Amino acid sequence: MQRVVVGLSGGVDSSVTAYLLKEQGYDVIGLFMKNWHDDSVTISDECPWLEDSNDAMIVAEKLGIPFQTVDLSGQYKERIVDYMFNEYEKGRTPNPDVLCNREIKFDVFMDIALSLGADYVATGHYCRKAEEIIDGKPVYKLLAGKDINKDQSYFLCQLSQEQLSRALFPIGELTKPEVREIAKEADLITADKKDSQGLCFIGKVRLPDFLQQKLQPKEGEIVQIPTDFEQYNRSVPKFENKEAELAYFSTKFSYKQDDGKIVGKHQGAHYFTKGQRKGLAVGGTKEPLFVIETDVDTNVIYTGEGKNHQGLYRNVLFVSNEELHWVREDLALQTGESMEVEARIRYRQSLEKAILYKVENGLYVEFENPQSAIQEGQFVAWYINEELLGSGVIS
């Protein structure tokens, strides 16, 4: 009998995951990961992890499976939280959920599962896994979930073949309403529980509050860049080759303080990200202002009026070799090669047509249409049909 360790989070998705595996005849063990201790930054007095671990325990009891809590807060702080502060300090925007899957659920947690004699680790992600024998070796594929509205393959875009080989995603074939229906029929306490919205496992945290613990506020100026800023209308040079063209279009606009007018003050450029509209507290414009660039060195935020402001858009981005990852190692591009794909630069964004170009020091992703708020530090992931082939950190 094969043993599976399920990461029970106290939500409906992981509860149904455990239930389905039990039905399929696996020897199932439920583990709740406790990744955060510091209650000083959660918004409310309720203690989310206590409530969640309690729900997870009740589900495990109902299913008659062994259950325990593992405390991973040390590794979580080191690998996720410290990394996040570090990235924000550099003016980049990290994606803690992608990292949490790569570093915690499918690494630290997987090691614990294997030490318990598990053959697999299962999570309640809306995605699917397939396997094909290529050149005599099994190759694992990461596919989008059947529920298009809930597809979470993007969050798993950094998994390796080794990690995928031991992963199971039992609800990937289902839609969210079907998952809730199964939970009701199985009489699981989590059937109607709302989806969690906080940072992966930290609970209900407001990001600025969280960041303020580490990153000191410092007042700076908010500058509004006009729509007729000269760089937007520059004439495009003739390029020697495709790589020169890609390098040109992947370079973001650079601003100085006197390129626009000062319209307000802020409490720290490192609290803001590109494309952000809330929290600027500047009035008097016809359309809302959006952050088009932050400069953490001079502590200035550059904004533009309206969501169509040219400063928000770019159609080429770059990923360096160090931050390039292929789920399908067998399909990795060599220098000089290109590939037509569909890609997204954030979770829930619809897939957009793009071409990958592999160059010596990394990979360019050229989108057919300009993309809004391409943000350094976030992940770009690319697909062919329903399969996620690889990903990288936008540099």
Side-chain angles (χ1 to χ4, degrees), residues 7 79 94-111 113 120-148 150-173 200 317-335 337-358 362-365 367 377-395:
R79 295 198 195 186
N95 189 317
D97 293 306
V98 171
L99 283 166
C100 186
N101 285 315
R102 181 183 82 192
E103 299 284 335
I104 304 293
K105 289 185 204 166
F106 289 93
D107 188 9
V108 179
F109 183 74
M110 192 172 260
D111 288 345
Y120 296 104
V121 163
T123 60
H125 282 104
Y126 286 86
C127 64
R128 293 168 297 153
K129 169 180 142 180
E131 190 180 331
E132 192 186 326
I133 302 294
I134 298 175
D135 295 336
K137 292 202 304 276
V139 170
Y140 299 95
K141 304 178 178 187
L142 178 61
L143 307 176
K146 272 275 186 269
D147 186 337
I148 300 303
K150 288 295 291 180
D151 167 36
Q152 291 175 314
S153 55
Y154 175 81
F155 288 136
L156 300 167
C157 68
Q158 287 277 298
L159 295 194
S160 65
Q161 283 293 309
E162 170 61 22
Q163 288 170 316
L164 264 182
S165 72
R166 295 191 177 274
L168 293 178
F169 309 113
I171 64 170
E173 297 288 344
C200 167
L317 61 85
F318 182 69
V319 174
S320 70
N321 283 333
E322 296 74 55
E323 305 201 284
L324 177 58
H325 172 77
W326 288 90
V327 176
R328 286 289 303 275
E329 294 156 14
D330 56 319
L331 297 180
L333 294 177
Q334 303 306 313
T335 300
E337 293 181 336
S338 62
M339 179 190 276
E340 287 188 26
V341 295
E342 291 185 296
R344 56 167 57 107
I345 53 172
R346 54 181 74 89
Y347 173 53
R348 309 227 43 151
Q349 182 194 21
S350 55
L351 287 168
E352 299 268 337
K353 280 191 171 157
I355 299 179
L356 308 180
Y357 292 94
K358 181 74 184 76
L363 177 96
Y364 285 104
V365 183
F367 286 92
Q378 291 279 25
F379 288 87
V380 54
W382 48 89
Y383 297 71
I384 289 184
N385 298 328
E386 297 183 292
E387 184 183 358
L388 192 157
L389 304 181
S391 66
V393 180
I394 299 169
S395 51

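Every value quoted in this text rests on a predicted model; they were computed, and no experiment measured them.
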For Glu132, salt bridge (Lys or Arg N to Asp or Glu O under 4.0 Å) partners two or more places apart
Lys141
Hey, does Leu351 have a side-chain heavy atom less than 4.5 Å from the side chain of Tyr154?
no
Val327 versus Tyr140: any side-chain heavy-atom pair under 4.5 Å?
no
Is there a side-chain contact between Val139 and Gln161, using heavy atoms and a 4.5 Å cut-off?
yes
Is there a donor-acceptor pair under 3.5 Å between the side chain of Arg79 and the backbone N or O of Glu103?
yes
Does the pair Asp330/Lys137 count as a salt bridge with the N-to-O cut at 4.0 Å?
no
How would you list, by chain and number, every residue that makes a ring-ring contact (aromatic ring centres under 6.0 Å, His included) with Tyr364, sequence neighbours excluded?
Phe318
Can you name the closest pair of heavy atoms from Phe106 and Gln163 and give their distance?
O-NE2, 2.8 Å
Distance from Glu387 atom CD to Arg328 atom CZ, nearest 0.5 Å?
4.5 Å
CD (Glu323) and CG (Leu363) are apart, to the nearest 0.5 Å, by 12.5 Å
Would you indicate whether the side-chain heavy atoms of Cys157 and His325 approach each other to under 4.5 Å?
no
Show, in sequence, the C-alpha distance, side-chain angles and deciding distance for Val393 and Phe379, and conclude whether the side chain to side chain contact (heavy atoms under 4.5 Å, CB included) test is met.
CA-CA 5 Å; Val393 180; Phe379 288 87; 3.5 Å; yes
Within this structure, what is the OG1-CG distance for the pair Thr123 and Leu168, rounded to the nearest 0.5 Å?
9.0 Å
Min side-chain heavy-atom separation Gln152-Asp97 under 4.5 Å
no
Which heavy atom of Lys358 sits nearest a heavy atom of Leu324, and at what distance?
CE-CD2, 4.1 Å
Can you confirm whether Glu340 is buried at CD, in the sense that more than 12 heavy atoms of other residues, nucleotides or ligands lie under 6.0 Å from that atom?
no
Glu386: which residues meet the salt bridge (Lys or Arg N to Asp or Glu O under 4.0 Å) condition with it, sequence neighbours left out?
Arg128
Between atom CG of Asp151 and atom CG of Leu143, what is the distance when rounded to the nearest 0.5 Å?
10.0 Å
Stepwise side chain to side chain contact (heavy atoms under 4.5 Å, CB included) test for Asn95 and Gln378:
CA-CA 6 Å; Asn95 189 317; Gln378 291 279 25; 3.5 Å; yes
Mind listing the closest non-hydrogen atom pair of Glu162 and Ser165 along with its distance?
O-OG, 2.6 Å
Which heavy-atom pair separates Ala167 from Tyr120 by the least distance, and what is that distance?
N-CD2, 4.3 Å
What about the rings of Phe155 and Tyr347, do their centers lie closer together than 6.0 Å?
yes
Could you report the tightest heavy-atom contact between Cys127 and Leu156, atom names first, then the distance?
SG-CD1, 3.2 Å
Tyr126 side, atom OH; Ile171 side, atom CD1 - distance, nearest 0.5 Å
4.0 Å
If every non-hydrogen atom of Tyr357 is compared with every non-hydrogen atom of Ser338, which pair is closest and at what distance?
CD2-CB, 3.8 Å
Measure the NZ-CE distance between Lys105 and Met110 for me, rounded to the nearest 0.5 Å.
12.0 Å
Do Ile394 and Ile345 pass the side chain to side chain contact (heavy atoms under 4.5 Å, CB included) test, and can you show the C-alpha distance, the side-chain angles, and the key distance before you say yes or no?
CA-CA 9 Å; Ile394 299 169; Ile345 53 172; 4.1 Å; yes
